[in-house]
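Here's the structure, in structure tokens; my notes come after.
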2 protein chains.
Amino acid sequence: MAPRTPIQLEKVRAKSRTKIINAAIELFARKGYHATSISSIAAKAGIAKGLLYHYFKSKSELLDEILKNSLSEVDEPMQALMMPGDPVDKMALLIESTFAMVQSDIKRWKLLVSIMTQYEVLIRIRKIFSKMMQGYLEIFEHLFKEMKVPQPKLEAYRLAATIDGVMLHYIYYLPDGYPLEEIKNEIIQQYAKYRKKKK
Amino acid sequence: MAPRTPIQLEKVRAKSRTKIINAAIELFARKGYHATSISSIAAKAGIAKGLLYHYFKSKSELLDEILKNSLSEVDEPMQALMMPGDPVDKMALLIESTFAMVQSDIKRWKLLVSIMTQYEVLIRIRKIFSKMMQGYLEIFEHLFKEMKVPQPKLEAYRLAATIDGVMLHYIYYLPDGYPLEEIKNEIIQQYAKYRKKKK
DNA sequence: TTTTTTTGACTGAACGATTGGTCAAAAAAA
DNA sequence: TTTTTTTGACCAATCGTTCAGTCAAAAAAA
């Protein structure tokens with residue numbers, strides 16, 4: 001069925017797909033989903049419009065694909081929490097890696113935020129986001145309980161809000177000279193007093 | 001020269017304008033600016049498409065009008081800061097009134113956030129937003145200095161981020177059962193220790 | 001009072017531009 | 001040859017916007 005070696009074929013496919021996806025991320029993040037036309041994506045990717053429909057069924061499927069990939073990245077920082085250790089250290093690591101994730105790919109997060117705050121988001125996507133949020137809240141609460149923080153649940157909500165707020169400001173309002181590192185360290189440091197003294 | 005009394009005329013005009021603006025806020029907030037059509041606004045407002053252009057030059061001017069009104073509301077909570085008093089009390093008041101503002105008109109804030117996180121925002125609007133943000137930061141810093149908080153500038157950034165983060169979560173992610181009051185009180189309470197003991 | 005004139009809010013068909021999406025055919029690779 | 005990638009002209013639908021025209025009501029005239 002395939003006259004070409006499937007391996008090299010896949011390389012070509014992947015290359016074209018990547019070009020399209022990167023162009024789409026760039027434009028969706030900057031202009032928003034609805035304000036971005038298929039033609040402009042194709043132009044940015046350096047391909048013909050028709051080819052886009054060879055790889056993606058529709059504009060919304062292209063968005064879906066990007067969102068799926070982006071959201072799966074979010075789970076990564078969670079992995080470090082499995083191993084045992086001082087909850088203060090684990091919390092610091094979680095916060096560090098969460099911020100690092102955003103810093104390394106601002107465009108992607110701009111897109112995610114713009115989609116979530118835009119029109120009636122596809123229910124599926126909203127559900128994934130909501131579940132992600134719940135996951136963060138639970139882990140925060142769990143760690144706060146370990147740390148014996150007075151009101152673990154409330155504190156979890158507050159930390160989640162602070163992190164998202166910092167991200168928002170960093171990404172949108174004050175991209176130049178925003179003291180991200182300092183704020184990050186201050187957030188982490190406030191929990192230092194809960195570190196266990198044991199050896 | 002004027003066959004109809006200008007006073008009654010103005011009433012009619014105001015009524016229609018309000019109908020259009022309310023419909024636009026609703027739809028812009030829910031669907032986003034670009035995904036909302038003029039036809040749908042007219043339909044929701046219960047008027048003909050043409051009438052919209054009798055009152056507004058264009059779709060973007062309609063958005064501008066709404067944004068201008070919305071942004072002017074933001075300055076209100078600032079007014080209370082002029083009078084003298086314990087900075088802790090003033091801070092509490094500022095936080096209270098800021099949250100109250102959002103709670104009383106979620107749709108408007110959804111719209112504001114969606115516009116700010118959407119496509120390349122009109123430069124004018126972004127400037128206003130940025131200035132607003134700077135204003136908040138400066139007031140926070142000033143109050144923190146009065147309160148003798150260790151790192152007033154950093155703490156200002158953090159508080160601004162927390163407030164915006166809480167708003168974001170309240171508005172979008174967890175509208176049902178979000179413990180807004182509790183978080184608000186916790187935020188306020190953390191500064192209680194800086195209250196002056198003097199009489 | 002009754003009639004006529006004048007106003008501007010309001011309508012909806014129609015406009016050109018642009019959209020997301022299709023498809024026959026060329027190009028490329030085997 | 002066969003298969004797949006790639007192209008760009010093309011389509012119907014929808015977009016924001018325009019505009020000729022309707023109509024209820026107020027002012028002016030009788």
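What you see below is based on every heavy atom in this structure, not just the backbone, and it leaves out hydrogens, waters and symmetry mates. Small disclaimer: the values here were computed from a predicted structure and weren't measured. Labels below follow one simple rule: chain letters A, B, ... track the order of the sequence lines, proteins then strands, and each chain is numbered from 1.
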Check your understanding: Taking for each residue the nucleotide of DNA chain C with the nearest heavy atom, is it Gly50(B) or His54(B) whose nucleotide lies nearer the 5' end?
Key ->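 Checking each residue's closest nucleotide, the 5'-ward one belongs to His54(B).
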Rounding to a whole Å, what distance do you find between [X]:[atom1] and [N]:[atom2]?
X: Ile38(B); N: dA13(D); atom1: CD1; atom2: P; answer: 22 Å
X: His34(A); N: dA13(D); atom1: NE2; atom2: P; answer: 19 Å
X: Leu52(A); N: dG21(C); atom1: CG; atom2: P; answer: 10 Å
X: Leu51(B); N: dT17(D); atom1: CG; atom2: P; answer: 15 Å
X: Phe56(A); N: dT6(D); atom1: CZ; atom2: P; answer: 13 Å
X: Ile20(A); N: dT6(D); atom1: CD1; atom2: C1'; answer: 11 Å
X: Lys15(B); N: dC10(C); atom1: NZ; atom2: C1'; answer: 14 Å
X: Leu63(A); N: dG21(C); atom1: CG; atom2: P; answer: 12 Å

Point to revise | Complementary nucleotide of dA29(D), counting Watson-Crick and G-U pairs under 3.5 Å | key: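 By the stated definition (distances under 3.5 Å), dT2(C) pairs with dA29(D).
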Review point. Nearest to the side chain of Tyr53(A) - dG21(C), dC15(D), dT17(D)?
Key: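 The answer is dG21(C), which lies nearest to the side chain.
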Review point. Does Ser16(A) make a side-chain N or O approach to OP1 or OP2 of dT6(D) shorter than 4.0 Å?
Key: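 The answer is yes; a side-chain N or O of Ser16(A) sits under 4.0 Å from OP1 or OP2.
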Check your understanding: Does OP1 or OP2 of dG16(D) have a side-chain N or O of Lys59(B) closer than 4.0 Å?
Key ->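 Yes, because at least one side-chain N or O of Lys59(B) sits under 4.0 Å from OP1 or OP2 of dG16(D).
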Practice item. State whether Glu182(A) and Lys153(B) are salt-bridged, where the test is any N-O pair (Lys NZ or Arg NE/NH1/NH2 against Asp/Glu carboxylate O) under 4.0 Å. Key: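 Here Glu182(A) does not pair with Lys153(B) in a salt bridge, since their nearest N and O are not under 4.0 Å apart.
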Check your understanding: Ignoring hydrogens and geometry, is there a side-chain-to-backbone donor-acceptor pair from Lys19(B) to Lys44(B) under 3.5 Å?
Key ->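 Checked: no pair found.
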Review point. Taking Tyr178(A) for the side chain and Tyr170(A) for the main chain, is one N or O donor matched with an acceptor at less than 3.5 Å?
Key: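 No, because the side chain of Tyr178(A) does not come within donor-acceptor range (under 3.5 Å) of the backbone of Tyr170(A).
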Exercise for review: Return the orientation label for the Phe144(B) and Tyr191(B) ring planes: parallel under 30°, perpendicular over 60°, tilted otherwise.
Suggested key: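 Ring orientation, 0 to 90° scale: tilted.
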Exercise for review: Examine the base of dT11(C) for any acceptor or donor lying under 3.5 Å from a partner atom in the side chain of Lys49(B), and report the outcome as yes or no.
Suggested key: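 Side chain to base: no pair present.
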Exercise for review: Give the minimum heavy-atom separation between Ile20(B) and Ile41(B), together with the two atoms involved.
Suggested key: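 Nearest heavy atoms, Ile20(B) then Ile41(B): O-CG2, 4.0 Å.
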Review point. If you look at every strand shown and take non-hydrogen atoms under 4.0 Å, does Ser40(B) touch a base, only sugar-phosphate, or nothing?
Key: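 No contact.
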Practice item. Report the residue (Ser58(B) or Ile47(A)) whose heavy-atom-nearest nucleotide on DNA chain D is the more 5′ of the two. Key: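 It is Ile47(A) whose nearest nucleotide is closer to the 5' end.
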